[in-house]
Q: 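Sharing a structure below in structure tokens format, with a few things to ask.
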Amino acid sequence: MAQIIDGRGLADKLQARLAEKTAKLKEETGRVPGLAVLVVGNDPASQIYVRNKERSALAVGFRSKVDRLPEATGQEELLALIETYNQNPDWHGILVQLPLPAHIDEEAVLAAINPDKDVDGFHPMNMGRLWSGHPVMVPSTPAGIMEMFHEYNVELEGKRAVVIGRSNIVGKPMAQLLLAKNATVTLTHSRTHHLAEIAKKADILIVAIGRGHFVSREFVKEGAVVIDVGMNRDENGRLIGDVKFDEVAEIASLITPVPKGVGPMTITMLMEQTYQAFKRSLKK
Ligand code: NAP
């Protein structure tokens, strides 16, 4: 039976440490990190995510501000607001909650954020830095997974890692972070042939698809480390992962649950990146 990775516990520990570091810097500089979050429209999931980010920021001692903008907000208006945060030295992190309404060009918006304040790591410059092996801001979900590997002493060097899902926010940056730690990485997606066969060769299997209970024990090698990023609702509205936890836990060596696995670490890493952006701004 697999050991279960306690994402909630690790996130709480790291957030407590971050609160201490923030308090210390406040004493030394009289300043604290500031996180500005912009959300457009009324998507219920986005509203929950944004509220959680604000709560977490305040809990670790940051300044936090959420701009809730109406669905009809124009692109130029949003870009102008981003620019005010870009220019304002009191805000060290700027985050635009995705998805944006269809009439707004997501790429243009992400590219408008000052890369030094792009705490989500989605700006093309930060993506390029990551891919060229010189990361500065890294997307929070894969960054949180790397922290889990560190905490649970998961050896990556030389290991076979398979990532299922190639989104810009999870799969692609995950593959790059694993590669940087000298894993041998296979990045798979919806057009991959013989997916279960490929996944079954993995020492480390990361699943970020968005399809509830998609990965069964047929995808998993005995003793593999299995990370489930998925957040899906079953027919009863219960939060479930992409992995059939009960049967996969029987053969994996280490596994994340859903909930209380990857999710809490994502938000923690967002706070950590904001703190790091603040620290870098002090050196300027
Ligand atoms: P996404 O942008 O929809 O990407 C999904 C990826 O999965 C795509 O690359 C897609 O392939 C691939 N895929 C879909 N069906 C597949 C199949 N049958 N076989 C193999 N690959 C398949 O999703 P995302 O934003 O990466 O999120 C993935 C999941 O993680 C979602 O459940 C999301 O809610 C969750 N999530 C959780 C957190 C967290 O903090 N816990 C953070 C982010 C996301 P193609 O590219 O070929 O279409």
Side-chain angles (χ1 to χ4, degrees), residues 4-12 14-15 37 43-53 55-56 95-100 106-107 110 119-122 127 130 138-149 161-178 185-202 205-216 218-220 226-234 237-245 255-273:
I4 297 171
I5 294 180
D6 179 9
R8 177 75 269 162
L10 178 56
D12 288 347
L14 295 177
Q15 286 193 29
V37 179
D43 176 55
S46 289
Q47 295 297 332
I48 295 172
Y49 294 145
V50 161
R51 203 178 317 134
N52 288 341
K53 286 169 188 174
R55 272 195 202 138
S56 296
L95 182 159
V96 178
Q97 185 65 43
L98 302 178
L100 288 165
E106 185 177 297
E107 226 176 299
L110 295 180
V119 282
D120 260 338
F122 298 159
M127 292 221 178
L130 177 60
V138 178
S140 303
T141 301
I145 293 169
M146 295 306 282
E147 277 296 321
M148 288 175 162
F149 290 150
V162 172
V163 181
I164 311 184
R166 57 173 161 181
S167 70
N168 285 335
I169 67 170
V170 188
K172 282 184 201 157
M174 187 75 249
Q176 179 53 35
L177 290 170
L178 289 163
V185 183
T186 305
L187 184 53
T188 66
H189 45 79
S190 67
R191 315 291 169 87
T192 299
H193 294 172
H194 311 296
L195 181 60
E197 210 175 288
I198 294 168
K200 213 176 170 62
K201 293 202 170 82
L205 180 63
I206 316 251
V207 190
I209 313 174
R211 298 185 64 173
H213 288 173
F214 181 85
V215 168
S216 60
E218 283 69 43
F219 287 68
V220 180
V226 179
I227 306 292
D228 187 354
V229 182
M231 292 201 310
N232 316 282
R233 296 277 165 193
D234 71 5
R238 201 170 52 107
L239 187 64
I240 59 167
D242 287 348
V243 175
K244 286 182 177 161
F245 180 87
I255 188 168
T256 57
V258 176
K260 298 187 180 170
V262 173
M265 285 302 291
T266 295
I267 212 155
T268 303
M269 296 317 287
L270 180 66
M271 299 307 139
E272 179 65 32
Q273 307 251 47

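Predicted model, so just to flag it, every value in this text is computed and none were measured. All ligand and atom numbering here is 1-based and tracks the order in the structure. The analysis underlying the following values was restricted to heavy atoms, covering all of them including side chains, and did not include hydrogens, waters or symmetry mates.
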Q: Given 3.5 Å as the limit, does a donor-acceptor pair link the side chain of T192 with the main chain of H189, or not?
A: yes
Q: In terms of heavy-atom contacts, does CZ of R233 have more than 12 from other residues, nucleotides or ligands at under 6.0 Å?
A: yes
Q: Starting at OG1 of T141, measure out to CE of M231 and round the result to the nearest 0.5 Å.
A: 8.0 Å
Q: Quick check: does S167 get an N/O under 3.5 Å from an N/O on ligand 1?
A: yes
Q: Would a distance-only check, ignoring hydrogens and angles, find a side-chain to backbone donor-acceptor pair under 3.5 Å from D120 to P139?
A: no
Q: What part of R211, side chain from CB on, backbone N/CA/C/O, both or neither, has a heavy atom under 4.0 Å from ligand 1?
A: side chain
Q: Is D242 close to ligand 1, meaning an N/O of one under 3.5 Å from an N/O of the other?
A: no
Q: In a check of side-chain contact (heavy atoms from CB on, under 4.5 Å) between V229 and each of I145, I169, I164, V207, which one passes?
A: I145
Q: Got the closest protein heavy atom to atom 47 (O) of ligand 1, with its distance?
A: S190 OG, 2.5 Å
Q: At under 4.0 Å between heavy atoms, which part of T266 makes contact with ligand 1: side chain, backbone, both or neither?
A: side chain
Q: Drop me the distance from L239's CG to N232's CG, to the nearest 0.5 angstrom.
A: 7.5 Å
Q: Determine yes or no for a side-chain-to-main-chain donor-acceptor pair under 3.5 angstrom, with Q176 supplying the side chain and L130 the backbone.
A: yes
Q: At under 4.0 Å between heavy atoms, is it the side chain or the backbone of I209 that contacts ligand 1, or both, or neither?
A: both
Q: Indicate whether atom 27 (O) of ligand 1 is within a distance of less than 4.0 angstrom of some protein heavy atom.
A: no
Q: Heavy-atom distances under 4.0 Å decide this one: backbone, side chain, both or neither, for I169 against ligand 1?
A: side chain
Q: Is it the case that the side chain of D242 and the backbone of D228 share a donor-acceptor pair, with hydrogens and angles ignored and the cut-off at 3.5 Å?
A: no
Q: Please list the nearest protein heavy atom to atom 46 (O) of ligand 1 with its residue and the distance rounded to 0.1 Å.
A: R166 NE, 2.7 Å
Q: Atoms of ligand 1 less than 4.0 Å from N232 heavy atoms?
A: 32 (O)
Q: Do the side-chain N and O atoms of S140 and T266 include a donor-acceptor pair separated by under 3.5 angstrom?
A: no
Q: Hey, which atoms in ligand 1 end up nearer than 4.0 Å to a heavy atom of A208?
A: 5 (C), 6 (C), 7 (O), 28 (C)
Q: What is the closest protein heavy atom to atom 35 (C) of ligand 1, and at what distance does it sit?
A: V229 O, 3.4 Å
Q: Measure the distance from atom 42 (C) of ligand 1 to every protein heavy atom, then report the residue, atom name and distance (to 0.1 Å) of the closest one.
A: T141 OG1, 3.2 Å
Q: Just checking K260: does its NZ atom have more than 12 heavy atoms from other residues, nucleotides or ligands closer to it than 6.0 angstrom?
A: no
Q: Tell me the protein heavy atom at minimum distance from atom 32 (O) of ligand 1, and give that distance in Å.
A: M231 N, 3.0 Å
Q: Relative to ligand 1, is L195 under 4.0 angstrom through side chain, backbone, both or neither, heavy atoms considered?
A: side chain
Q: Can you check whether S167's main-chain N or O pairs, donor with acceptor, with K172's side chain at less than 3.5 Å?
A: no
Q: Which ligand 1 atoms, with their elements, are less than 4.0 angstrom from a heavy-atom of G210?
A: 28 (C), 29 (C), 31 (C), 32 (O)
Q: I need the nearest protein heavy-atom contact for atom 43 (C) of ligand 1: residue, atom name and distance, please.
A: V170 CG2, 3.7 Å
Q: Show the atoms of ligand 1 that are less than 4.0 angstrom away from any heavy atom in G263.
A: 40 (O), 41 (N)
Q: So, taking the atom named CZ in F122 and the one named CG in L110, what distance separates them when rounded to the nearest 0.5 Å?
A: 7.5 Å
Q: Hey, does F214 come in under 3.5 Å of ligand 1, counting only N/O atoms on both sides?
A: no
